[in-house]
Amino acid sequence: MDALVLLDLVLKVIAWLAISAYLYTQLSSEVRYPLVLRIWWCVFFLLSCYCLVVHCVFDRKPRVLVSDILYSLTGLYFCCVGFSGGVGSDEDDLLQEPLISGNCTSRLSHGEECKKCGGESVTPFATASLFSVLTFSWLGSLVALGYKKPLDLEDVPQLAGIDNVHGAFPVLRGKLVFDQGDHNSVTTFGLIKALVFTTWKELLLTAFLAIVNTVATFVGPYLVDVFVQYLNGHRERENEGYILVSAFIIAKLIECLTLRHWFFTLQQVGIRIKAALIALIYHKGLTLSCQSKQGHTTGEIINFMTVDAERIGDFSWCMHDPWVVFLQVGLALVILYRTLGVASIATLFATVAVMMANLPLGRLQENFQTNLMESKDQRMKSTSEILRNMRILKLQGWDMKFLSKIEELRNNETGWLRKYVYTNAMVSFVFWGTPTFVAVVTFGTCMLIGIPLDSGKILSALATFRILQEPIYNLPDTISITIQTKVSLDRIASFLCLDDIQTNVVRRLPRGSLDTAIEIVHGNFSWDVSSPNPTLKDINFRVSHGMRVAVCGMVGSGKSSLLSSILGEVPKLSGVIEMSGTKAYVSQTPWIQSGTIEENIVFGEGMDKEKYEKILEACCLKKDLEILSYGDKTIIGERGINLSGGQKQRVQIARALYQDADIYLFDDPFSALDAHTGSHIFKECIQGILESKTVIYVTHQVEFLPSADLILVMKDGYITQAGKYGDILNLGNEFIELVVAHEKALSAINLLEAGLALKDMNISVDSKTKSDKSSEETTDVQYSQPPEDVQGTKGQLVQEEEREKGRVEFSVYWKYITTAYGGALIPVILLAQVLFQVLQIGSNYWMAWATPVSGDEAPPVQNFTLIIVYVALAIGSSFCIFCRAMSLAAAGYKTATILFQRMHLCIFRAPMSFFDSTPSGRILNRASMDQSTIDMNMPNQVGLFAFSIIQLLGNIAVMALVAWQVFVVFVPVIAICIWLQQYYIPSARELARLIGVSKAPVIQHFAETISGSTTIRSFDQEHRFQETSMKLIDGNSRPKFHSAGVMEWLCFRLDMFSNLTFAFTLVFLISVPSGTIDPSIAGLAVTYGLGLNMSQFRVIWNLCNLDNKIISVERILQYTSIPNEPPLVIEVNRPDDHWPSCGEVEMCNLQVQYAPHMPLVLRGLTCTFKGGKKTGIVGRTGSGKSTLIQTIFRIVEPTAGVILVDGINISLIGLHDLRSRLSIIPQDPTMFEGTVRSNLDPLEEYTDEQIWEVLDMCQLGDEVKSKEGKLDSAVSENGENWSVGQRQLVCLGRVLLKKSKLLILDEATASVDTATDNMIQKTLRQHFQDSTVLTIAHRITSVLDSDMVLLLENGLIQEYDVPTKLLEDKSSSFSKLVAEYSVRGNSRFRNS
């Protein structure tokens, strides 16, 4: 008989193993197993475990035990298989896909999607069955795919319906407009109402789930007393134990289901709110008036998007907590009243007292949070501006000074941060001790009024306090987040109230409705509507269709403001503007969007190849594109960083031409072009392609004026003269001044007798130009590419943002926890938490052991002893919490400070090549969002993970103390949970990284939109840019939505397994004979078992959150390892204080290339610039002029050869010693937000008298004196409240203050008129007589009075001699350049 039983066992084992092998080898993990089969596997596993435990306790036959163990292991295997697959009750997703797909050509197995299809498929959540939604099985395919390979954004499905920003934003905006009107009167309350309206269905659902969950949570504590009495032998009905167990388990199942969907739906709400708010902020930013922009810079508005909108979205987590707390307290009081009677009133008073004590702490936190955000705004504003102008800072040697400015702003921020985190630590200390405080008050009251305490009542009360403990623990965080959210809502509401650009400034008339294209009657305009002095005064003119209108005048006369007023950008004080037809605009400062050259030119229009090619030819771009590896598909870096100034301007002009508008507005785009290119574009574009169009162009080039049908001469905001060239030449001084200055410049050429060569060369100039053009344009592309632009070998300049893949390295965690004090506080924090947990368990164990099971028994100890010991343990645990909270706050604060300093030092010390290839949005994302995570979230996240592990171990220890047999189930369940967590983590980790990576494009696109908003509005492209922004926002929402889903996917399964452990414990306790286990201790185990699922959930939840949040640390650590420039100071090789004393520059075989695999840009230059002499450096675009200047400043390091300045090899001294001793007036005039004084003297080295003297020298003294603040007059972001010409004069003032012996002018007068150019040249000659001056200029007249002229071509020195000698040689290249300029200057480009 025994042999038959053994044979039966062997056959069963073989059969099960065969089935397992078949399933493993034949079926993939994506098989969708039938629901019935999965249920049967789970039941089989439960029964096997139950039989194993029963046989272990009552029947210890080895053969039976072996059988049970094998069955249990088999059931465990099948549960793993079942839970890793899909749900068979769902329909096959492939049947729901379109039969024809443009991207996928073959059927794919479930979960396998090609990249092109993945991003376009809609999330399965939209069509999932009820069971799939309840169990989150709709995410199975995504988790499976993430387990197989790192997820990409294309693998994450699109959101559906109102979760998509296209669905949420119109609802939010429509509600705001409906409630608040369209008058910029948004209030915080109105914004909250609109947000609630956008998510009201989900809010009602989650409120219902919260109520059901709260009620289900209190079922356990309600039944604990009954369960203890049952174990003590008080049994009123048959099968009462199984009924109790069923009630416990059903309540836990309901609790788990409602909790999971409560959390997921709230996250869904948060993602939707955040996306809609970002879209709303973007829309507002696109319509802001210029005056509003001056009050809120790009950095501040980026903070609205990255910090405030994110915080409001995160608030969804605790949206219901404020009222749920009252429901929980009410239910707790009901249970306590049933258990302890009137002593529950003491519980109420204790709870209310604790909540009231929170009010002053809450007010403090709100104050600290408000100030913290304001200081963060200031820091981000400065950081954004500095990143945009990093090249200027490095050239001037100001980078470390501006780093110290950022550090000062950060110190102000961290002052508030320190107060905030320590206040938060105090709040944490108070509330972690609150449950114990409430228990002491309650039990003490019972003893005082004589209510008998037995273990059942004690355990029921303790279980209730443990449940109350969760909302009380979370209450400080809830209050803190609520305060932060209110601050963020106030900030966004105030931003939405800012003035928009006036939409009624220009009266738009239908195309062809009038003969007049533009007409302004009695127009008065002002950038500052409160200023008594308008920017433009009494403007009157009419432009008919097809006219060419030129606008000229001195620097600051109002030329650019006139074009802006036509565009409707300048607030109108009075008058009428009418415009008939579409418009296009070319700004003075080029605005280039990140993207391909083709995208920048086509600019949202459909491709017309013939027109496109014609425009490329007209704008001299074809040769540029032929050289680029990707042609017009080449990606342009941020702000066109890998294009020269001339190329950017030509791309701008091509963009305007491609729009085929009726009216064209050009704001002096020719100043950035050399003589030949400017003449060619004027002839081919203005006089050619746009011959029949209405064109208004601002210009400083007098030679372009005669071709105009109407010339407007401006001075001090007035149109002083208007008419044709010949008509107004003799009518007034203003126009004569401009013409005379131009003629004077040309006369310098005549004095040098260059004019004699013109007759012989007029014919040959064009042919020579054409023959040289190919090689010239080739070099243009080579020299302008920055170091990382390795298009020929490695691809595009701007690559997708680098993201780590796979598991976060342990070194990242280790670096984070050991950054502060070498990790010395970590043992203190852990020890304090362990002691707290031990004391907590000890106090609960003491109360359970020291009270009788029922009122019939005598208590083991006196009541006084009972309460004194409990209070002592409570005080000890509170002290531990205080130590833990303060140590954690100190460690977190110190770590955040150190990481900030390391990252910013590395960023500021990075070479220019890093900034050329890295969009500022990526850096700003780290400085804003990732730094905020480290400041506010990471310390608590690391702490909570460690604390939850300690808490879980405490729970297990208590349960094991009563019934060690629970490990029979607990060990395999924990093994499954760990496996599930490992199965989930790859997907969650990559989704978290995708969330981080997809933020930067949103920020980048917004920053570009703000800087180019005038251009965007002028082309009427607002809608297209808003659509692009929405796509990018959705690109960020998709991984966030699915990350929330996979988290709940995991948590639901973990809950089920923890409930399995709890159910096994309960069944075991009611199965053992009465008296085997102490009912009090068994009740204590049940009390801790009620929180087992939450403890286990917290461990996994905090681990996953930590794994997600640590990515912010990982991203910041990436930027702490950027390769640095050479040292700023080399102590052993420092030049003396008076270096350079002569300013002599000697170059020997100088060779420069931007990357090892790229061709040489400078190919062996050898020459000497004598000290105290003026040298003009000329050459066509791309000849290597700017590269030479960058090499002198060591922005680019020489590949070979040396540069000696006064005999010192500049490569052997520190960068700061070099750059701070040289002076440069750069091509792009830059001013920083601040004051006039701080812009002229950022290092604070000069007196006010010296600054005023310099302002008078550069003709800005009267302008500054007319301002209210004088030297402290405000300068807005990018110097927007100063004209481009005035900014150039400020740059002149800087070098006049510095008075260096070596001065470099890099197209320094490109943005000013000829008269101002002459003034600048005169000032420089007067004040830099003994200095070496190197001048790069498109205006040949600027270098004619130089002592020497260096002519570069293709990176080689073609000519280097005295200008007169070069001009005497009629075949010299310099002579030809002069002749070419003279041809353009003397020609009048008259209408043919």
Side-chain angles (χ1 to χ4, degrees), residues 421-422 424-436 466 469-470 473-474 476-477 808-845 873-899 933-961 974 978 981 1088 1091-1092 1094-1110 1113:
V421 296
Y422 282 113
N424 215 24
M426 287 302 299
V427 171
S428 178
F429 157 67
V430 169
F431 282 99
W432 273 77
T434 295
T436 307
R466 282 177 66 84
Q469 183 176 335
E470 187 68 26
Y473 281 177
N474 291 335
D477 289 336
V808 178
E809 296 291 335
F810 176 74
S811 60
V812 176
Y813 293 93
W814 184 251
K815 284 178 184 176
Y816 179 77
I817 64 175
T818 57
T819 295
Y821 312 108
L825 289 179
I826 302 302
V828 176
I829 296 169
L830 291 177
L831 178 62
Q833 181 64 27
V834 169
L835 288 175
F836 167 76
Q837 192 65 34
V838 169
L839 291 172
Q840 281 277 296
I841 294 172
S843 62
N844 293 337
Y845 188 90
L873 292 171
I875 292 173
S877 64
S878 298
F879 177 75
C880 292
I881 282 298
F882 177 78
C883 294
R884 188 210 75 184
M886 299 307 289
S887 300
L888 185 63
Y893 169 77
K894 185 69 173 178
T895 301
T897 304
I898 292 173
L899 288 179
T933 299
I934 291 177
D935 288 346
M936 312 285 278
N937 303 121
M938 274 306 298
N940 288 334
Q941 203 60 61
V942 173
L944 286 173
F945 173 62
F947 307 156
S948 59
I949 289 179
I950 294 169
Q951 196 173 41
L952 176 63
L953 293 175
N955 283 14
I956 295 169
V958 172
M959 294 176 69
L961 184 67
I974 282 294
I978 292 173
Q981 190 259 349
Y1088 275 85
L1092 180 64
M1094 286 306 297
S1095 297
Q1096 187 173 303
F1097 159 70
R1098 281 194 210 100
V1099 171
I1100 303 300
W1101 173 263
N1102 288 319
L1103 173 60
C1104 297
N1105 270 344
L1106 178 60
D1107 213 31
N1108 293 344
K1109 296 290 185 185
I1110 199 70
V1113 178

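In this chain, numbering begins with 1 at the start of the sequence shown.
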Candidate pair Ile934 and Lys1109, rule side-chain contact (heavy atoms from CB on, under 4.5 Å), full reasoning: CA-CA 8 Å; Ile934 291 177; Lys1109 296 290 185 185; over 6 Å; no
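- Taking OG1 of Thr895 as the reference point, atom NZ of Lys815 lies at 14.0 Å (rounded to 0.5 Å).
- In this structure Leu839 satisfies the side-chain contact (heavy atoms from CB on, under 4.5 Å) test together with Leu873, Ser877, Cys880, sequence neighbours excluded.
- Put simply, the side chain of Ser948 gets close to the backbone of Phe945: a donor and an acceptor are under 3.5 Å apart.
- Distance CD/Gln951 to CD1/Ile841: 9.0 Å, rounded to 0.5 Å.
- From Ile817, atom CD1 reaches atom CD1 of Ile1110 across 9.0 Å, with rounding to the nearest 0.5 Å.
- A 4.5 Å side-chain heavy-atom check between Met938 and Val1113 finds at least one atom pair inside the cut-off.
- Separating the CD1 atom in Ile978 from the CD atom in Gln981 is a distance of 8.0 Å, to the nearest 0.5 Å.
- No side-chain heavy atom of Phe836 sits less than 4.5 Å from a side-chain heavy atom of Arg884.
- Gly892 approaches Pro939 most closely through the heavy-atom pair CA-CG, 3.4 Å.
- Considering CG of Leu825 and SG of Cys883, their distance stands at 11.5 Å, rounded to 0.5 Å.
- Within the structure, ring-ring contact (aromatic ring centres under 6.0 Å, His included) pairs that include any residue of residues 875-899 comprise Phe429-Phe882 (at least two apart or interchain).
- Tyr821 approaches Ala890 most closely through the heavy-atom pair CE1-O, 4.3 Å.
- The closest side-chain heavy-atom distance from Leu888 to Val421 is not below 4.5 Å.
- The side-chain heavy atoms of Gln837 and Leu953, taken from C-beta on, include no pair separated by under 4.5 Å.
- Closest approach of Ile898 and Ala820 over heavy atoms only: CD1-CA, 4.4 Å.
- You'll find the side chain of Met886 reaches within 4.5 Å of the side chain of Met426, heavy atoms only.
- For the atom pair Leu1106 CG and Asn937 CG, the distance stands at 11.5 Å (nearest 0.5 Å).
- In this structure, Asn1102 and Leu944 approach most closely via the heavy-atom pair ND2-O, 3.4 Å.
- With a 4.5 Å cut-off on side-chain heavy atoms, Tyr816 and Leu899 count as touching.
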